[in-house]
Amino acid sequence: MRVYSTLSKTKEPFVTVVPGQVGIYLCGPTVYKEAHIGHMVGPVIFDAIKRYLTHCGYKVKWVVNITDVDDKLINEANRRGVAMSQVAEENTADYLANLRSLGVDQIDAMPKATEHIEEIKSFVSDLIDKGFAYASGGDVFFDVAKDSQYGKLSNRSADEQQGEGGEAASKKRSPGDFALWKSAKPGEPSWDSPWGPGRPGWHIECSAMSRRLLGETFDIHGGGLDLVFPHHENEMAQSECCHGKPMVRYWLHNGLMRAASAGKVGGRSDREQTDKEQAGEATVDTKISRSKGAGGLADLIRRQTGERLRFFLLRTHYRTTIVFSEEGIQEAGVALDTFHRFFARWKRATGKDFYQLPRIASRSEGEIDPQGDPLLTEVAERRRGYLAKMDDDFNTGGAVSELFELLRVLNRYMDQHGLDQPAAASAEPLRSLERGVAALRELTALLGLFFQAPGLPDTEDQALVGKLVELLIELRTESRKKKDFATADRVRQGLASIGIQLEDRKDGTGWRIER
RNA sequence: GGCGCCGUAGCCAAGUGGCUAAGGCAGCGGAUUGCAAAUCCGCCACGCGUGGGUUCGACUCCCACCGGCGCCUCCA
């Protein structure tokens, strides 16, 4: 297995700190506003990565932090006239709900900054004691000049940093120094500390919490590409100066999501647009609006389903920029439906529910010995291809292509062996098919796909629609028998025009709702 | 200005120093169907932004240029 690390800028062999175990830390959101689609990229990708590593036999611990204290949270709380904790709680709940919809359920711990204040303070104290940080007017800064390695992740030097400026700048020894602890202004949430009341700086929480949950050196640290500098650079500086050893084996950064026009979704250009609009300035008409994904992820999920979004993200390589568009997500949905149709076909043939198939728990358990069986030979080949792609820096996009090939192999086999009529089918091909489908189940599960049947919930209205459609199908079937194709076509086309597609099969007519 | 990334068919998108450059969407032809839908079969980049260079050989490495994007202040 090979993994690309931002630090070395190359793919490196994957060797963990502790054999058989993997610790992953992913930078989570600052919960000052509801989640936008860009927030979902990392969690979805790392969810798939964890599933894969687990399948390969690793014991994986995946941590995603929640930043619940920060200037933006304070501002938002003041703007709304509520407590910072309330802002944090609401947006954390929104974030978690979105993760659930996207099938992200592999996270082992979600530490919050405000619940690790003691840990953070002692981390800061250590850095001061070791001479890497200094207190100044109630703030504590990391002394960038003391770290000879500073800049190695983002490839820049300490002395050319502009720093954040503002009033804190006058307290710094050099502009590139960054805050470990920020003194509280009147009315701001604060915690007591040896340097006076205040709150943690942005980067220190990740150093403190990752150490607590994963150790001084852990395997994978992830986040969006925009976090490389300053966040991860600073995080690494703090941790490595404090511990005198490497913080992370592999730095994995996912590409950012971009709106079709230009600019990162939810990023600076988005905010600049918003600022301009609020200031009454003219904006280009290709602007990124909240409705295009910069906000309201929950709405987007409702429109498109979490599964579609998940597949949309996983179709590409995690390091590439994804251009966000509803059309693109829609197209991903069209492709996904090919799988859904196969599941329906297979259920008609065997009575078995793809979604309820037993899980293949490990890579070794999923090994296939075709023993000359032509179908299983092909299935094994696709499975090998899939795993090889995933072994190469988690190439989910490449792996997906093998999934489509596998699907075609299975459909063709059903065609050729007439497996749609189970009564007519002999047991032998059916057994091979089932083994092939088991492989499809195994490989799609690794991407976190197909854990829940799509479609609307069963309500009385739904049942009523079903009965009406069945009635129309009955009438159409009678017309067809009488060669009254005009009437038959009116029924079929009429239903099609309202999104109900009929499918004439050998054993009768079926129907499905096209979304 | 500094540090980077990207540019593969109509669209989305993997990938490799040298076999026929994955897969998806759309499209076209065929099998099937009363017609459709679904499924299957076939077609769909003599070329991988442009121009040079290295090499026996590059789309893949190097340089330049053009175009798009990110970071350098908070951002997944």
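Below, chain A is the first sequence line, B the second, and so on; all start at residue 1. The structure displayed is predicted, hence computed values, not measured ones.
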Integer-rounded Å distance: [N] [atom2] and [X] [atom1]:
X: A/Asp177; N: B/rU73; atom1: CG; atom2: P; result: 14 Å
X: A/Leu227; N: B/rC72; atom1: CG; atom2: P; result: 10 Å
X: A/Tyr318; N: B/rC6; atom1: OH; atom2: P; result: 13 Å
X: A/Leu336; N: B/rC12; atom1: CG; atom2: C1'; result: 14 Å
X: A/Glu326; N: B/rC12; atom1: CD; atom2: P; result: 17 Å
X: A/Phe485; N: B/rG34; atom1: CZ; atom2: P; result: 7 Å
X: A/His317; N: B/rG15; atom1: NE2; atom2: C1'; result: 12 Å
X: A/Ile513; N: B/rA38; atom1: CD1; atom2: C1'; result: 17 Å

Complementary nucleotide of [N], counting Watson-Crick and G-U pairs under 3.5 Å:
N: B/rA37; value: none
N: B/rA9; value: none
N: B/rG4; value: B/rC69
N: B/rU60; value: none
N: B/rG42; value: B/rC28
N: B/rA76; value: none

Please work out if [X] contacts a base, only the sugar-phosphate, or nothing of the nucleic acid, heavy-atom cut-off 4.0 Å.
X: A/Pro230; value: sugar-phosphate
X: A/Leu225; value: nothing
X: A/Gly28; value: sugar-phosphate
X: A/Met40; value: nothing
X: A/Arg512; value: sugar-phosphate

By side chain to side chain contact (heavy atoms under 4.5 Å, CB included), which residues pair with [X], not counting sequence neighbours?
X: A/Leu7; answer: A/Ser5, A/Lys152, A/Leu153, A/Met236, A/Trp251
X: A/Asp415; answer: A/Arg345
X: A/Glu442; answer: A/His55, A/Ile360, A/Arg383
X: A/Lys9; answer: A/Tyr4, A/Asn155

[N] to [M] separation - [atom1] atoms, rounded to the nearest Å:
N: B/rC69; M: B/rC74; atom1: P; value: 23 Å
N: B/rG47; M: B/rG42; atom1: P; value: 24 Å
N: B/rG1; M: B/rG51; atom1: P; value: 26 Å
N: B/rC35; M: B/rC25; atom1: P; value: 25 Å
N: B/rU50; M: B/rA9; atom1: P; value: 10 Å
N: B/rA13; M: B/rA22; atom1: C1'; value: 9 Å
N: B/rU16; M: B/rG49; atom1: P; value: 15 Å
N: B/rG30; M: B/rC44; atom1: C1'; value: 15 Å

| query | Taking the six-membered ring of A/Phe485, is the NZ or CZ of A/Arg480 close enough (under 6.0 Å from the centre) and on axis enough (within 45°)? | reply | no
| task | Between A/Ala488 and A/Thr321, just flag the one whose closest nucleotide in RNA chain B comes earlier from the 5' side. | result | A/Thr321
| said: Between A/Lys483 and A/Asp226, which residue's closest nucleotide on RNA chain B lies nearer the 5′ terminus? | reply: A/Lys483
| For the rings on A/Phe450 and A/Phe343, is their centre-to-centre separation under 6.0 Å? |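 Yes: the rings meet the under 6.0 Å criterion.
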| said: Aromatic contact between A/His203 and A/Phe178, with the criterion being ring centroids under 6.0 Å apart: yes or no? | reply: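 Judged by ring-centre distance (under 6.0 Å), A/His203 and A/Phe178 do meet the cut-off.
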Polar contact flag, side-chain donor to acceptor under 3.5 angstrom, [X]-[Y]:
X: A/Thr30; Y: A/Asp70; answer: no
X: A/Glu434; Y: A/Thr350; answer: no
X: A/Gln238; Y: A/Ser207; answer: yes
X: A/Asp219; Y: A/Tyr25; answer: no
X: A/Asp391; Y: A/Tyr52; answer: yes

| request: Examine distances only and state if a side-chain atom of A/Asp392 and a backbone atom of A/Lys389 form a donor-acceptor pair shorter than 3.5 Å. | output: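 No, A/Asp392 side chain to A/Lys389 backbone: no donor-acceptor pair under 3.5 Å.
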| field | Residues within residues 94-112 of chain A bordering RNA chain B, heavy-atom distance below 4.0 Å | value |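 Those residues: none at all.
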From [options], nucleotide with atom closest to [X] side chain:
X: A/Arg476; options: B/rC35, B/rA37, B/rA76; value: B/rC35
X: A/Arg156; options: B/rC72, B/rA76, B/rA37; value: B/rC72
X: A/Arg258; options: B/rG34, B/rC40, B/rG68; value: B/rG68
X: A/Asn155; options: B/rA38, B/rG4, B/rG2; value: B/rG4

| Considering only heavy atoms and no angle criterion, is a donor-acceptor pair shorter than 3.5 Å present between the side chain of A/Asn395 and the base of B/rG15? | no
| request: Examine the base of B/rC35 for any acceptor or donor lying under 3.5 Å from a partner atom in the side chain of A/Asp504, and report the outcome as yes or no. | output: yes
Would you tell me if any nitrogen or oxygen in the side chain of [X] comes within less than 4.0 Å of OP1 or OP2 on [N]?
X: A/Asn254; N: B/rA76; answer: no
X: A/Arg345; N: B/rU39; answer: no
X: A/Thr67; N: B/rA76; answer: no
X: A/Arg412; N: B/rC41; answer: yes

| query | How does each nucleotide of nucleotides 21-27 of chain B score, in 5' to 3' order, for protein heavy atoms under 4.0 Å: base (B), sugar-phosphate only (S), or none (-)? | reply | -BSBS--
